[in-house]
Amino acid sequence: MGNSSLQIIADNISVIASPTTWIEGGAIQQLQTTAKLPGMRRVAGMPDLHPGRGYPVGAAFFSVDRFYPALIGGDIGCGMRLLKTDLSTAKLSLDKLVKRLGNLDAPLIDQSDFWQERVNSCQMQDTGFEHSLGSIGGGNHFAELQQFDAIFDQTLFASYALDRKQMMLLVHSGSRGFGGQILRQHIDQFGHEGLLAESASAAAYWAQHARALQYAQANRSLIAERICANLSSAAETVLDIHHNFLSEISINGEHGFLHRKGATPADPGLLIIPGSRGDYSYLVQALDAELSCLSLFSLAHGAGRKWMRSECEARLSKRYTAAQLSRTALDSRVICHDKGLIFEEAPEAYKSIDSVIFSLQEAGLIHLVAKLKPLVSYKTSGACCV
DNA sequence: ATGTCC
């Protein structure tokens, strides 16, 4: 009964992390600050917890009477989409794969009549952000081709119709500028006070939030379609799951609002928790644990940052050139022609995914299905250098 | 994170 991965910080603050998982003090501080917001009942840090802009990332927050759009952040609907391609990993050339991937940065809507029709079919004209649909964005967003490295539960693996030799595609993106605009307009009007659940402004936020979730999912879908077209591959979607979103929930008979910011919902079915570009990704199932109330029915959404973006280049540029960082310890390729970003997203800047997965496992929150290894991680072909 | 804040 692994409760050494359950840290009780206060009676309403818990963190799921083994003693060996790196949790920055500033993140705990942000968790404590957030726990004091009016109506806040419970906050839970995941093992990938790290400091964010004002509020922590890798956490879930349960409030009553009111909710806080700022806790969801600007990238409303950010999440993971995993697909199985029809490409075999048996005899693959990474060079060829990189070449075939091509450039995914330009607005998809401008690529051809076909793509314009595909983008239009998402019915996002009214958002004013149609031109961002089908491109990945910046920060920690990526698209990654992966291959299975280990299967932990053959029966479950087979039950999801997965094939050990099939190349997988993981897309991590969100609502881009559209969600950012929603948050910005909200903050301009209401600041950080949150919205009373019954108010008209709360209803307006719910409508915008729902639209941003649709946009984010459409974006991941188009990115995947674009990549598969470049690779001449068919693809089948295995999962598409948001990790930044608001939902209504009752906990211990009390109705309220569950904010997830970088927290994967511990729902039934297959889930993916990816490591950094130089690390593995884990396919897992959530376990229906007694602890679920303390973890707010959530899991980690990735490895979690260890270093601030602003310190990465200074810490790494003495050890590595940008060109060296375009290969990883797992022999995968990194397509990131943005010198700042290639340092910011270096594997060294992230926690070890094994420590995150171990924490969730020891807390009894997950069951492992399989492990994937990166082949090609795509960030951006644009910008400069390398 | 971001057609990247003034």
Item to check | Separation of atom CG in A:L183 from atom P in B:dT2, rounded to whole Å | outcome: 13 Å
Next on the checklist: Categorize A:G74 for me: base, sugar-phosphate, or nothing, with a 4.0 angstrom heavy-atom threshold over every strand shown.
Outcome noted: nothing
Item to check | A:R309 CZ to B:dT4 C1', straight-line distance once rounded to whole Å | outcome: 12 Å
Next on the checklist: Heavy atoms only, 4.0 Å cut-off, all strands: where does A:G128 land among base, sugar-phosphate and nothing?
Outcome noted: base
Next on the checklist: Listing request: all side chain to side chain donor-acceptor pair (under 3.5 Å) pairs with a residue in residues 257-271 of chain A, at least two apart in sequence or in separate chains.
Outcome noted: A:R260-A:S298
Checklist entry - Which part of the nucleic acid does A:G138 contact within heavy-atom distance under 4.0 Å: base, sugar-phosphate only, or nothing? => result sugar-phosphate
Next on the checklist: Output the rounded distance in Å from CZ (A:R53) to P (B:dT2).
Outcome noted: 15 Å
Checklist entry - Whole Å only: how far is the CZ atom of A:R184 from the P atom of B:dT4? => result 10 Å
Next on the checklist: Using 0.5 Å steps for rounding, measure from the CG atom of A:L170 to the CD1 atom of A:I272.
Outcome noted: 4.5 Å
Item to check | Spacing of A:Q181 atom CD relative to B:dT4 atom C1', expressed in whole Å | outcome: 14 Å
Next on the checklist: Expressed as a whole number of angstroms, how long is the span from A:H186:NE2 to B:dT2:P?
Outcome noted: 20 Å
Item to check | Spacing between A:F178 atom CZ and B:dT2 atom C1', to the nearest angstrom | outcome: 15 Å
Checklist entry - Aromatic rings A:H172 and A:H243: how do their planes relate, parallel, tilted or perpendicular, breaks at 30° and 60°? => result perpendicular
Checklist entry - When we call it a touch if two heavy atoms are under 4.0 Å apart, what does A:G137 touch: a base, just sugar-phosphate, or nothing? => result sugar-phosphate
Checklist entry - When the distance from CD1 of A:I72 to P of B:dT2 is rounded to whole Å, what number comes out? => result 17 Å
Checklist outcome for this item: Rounded to the nearest 0.5 Å, the CG atom of A:L316 sits from the NZ atom of A:K318 at a distance of 9.5 Å
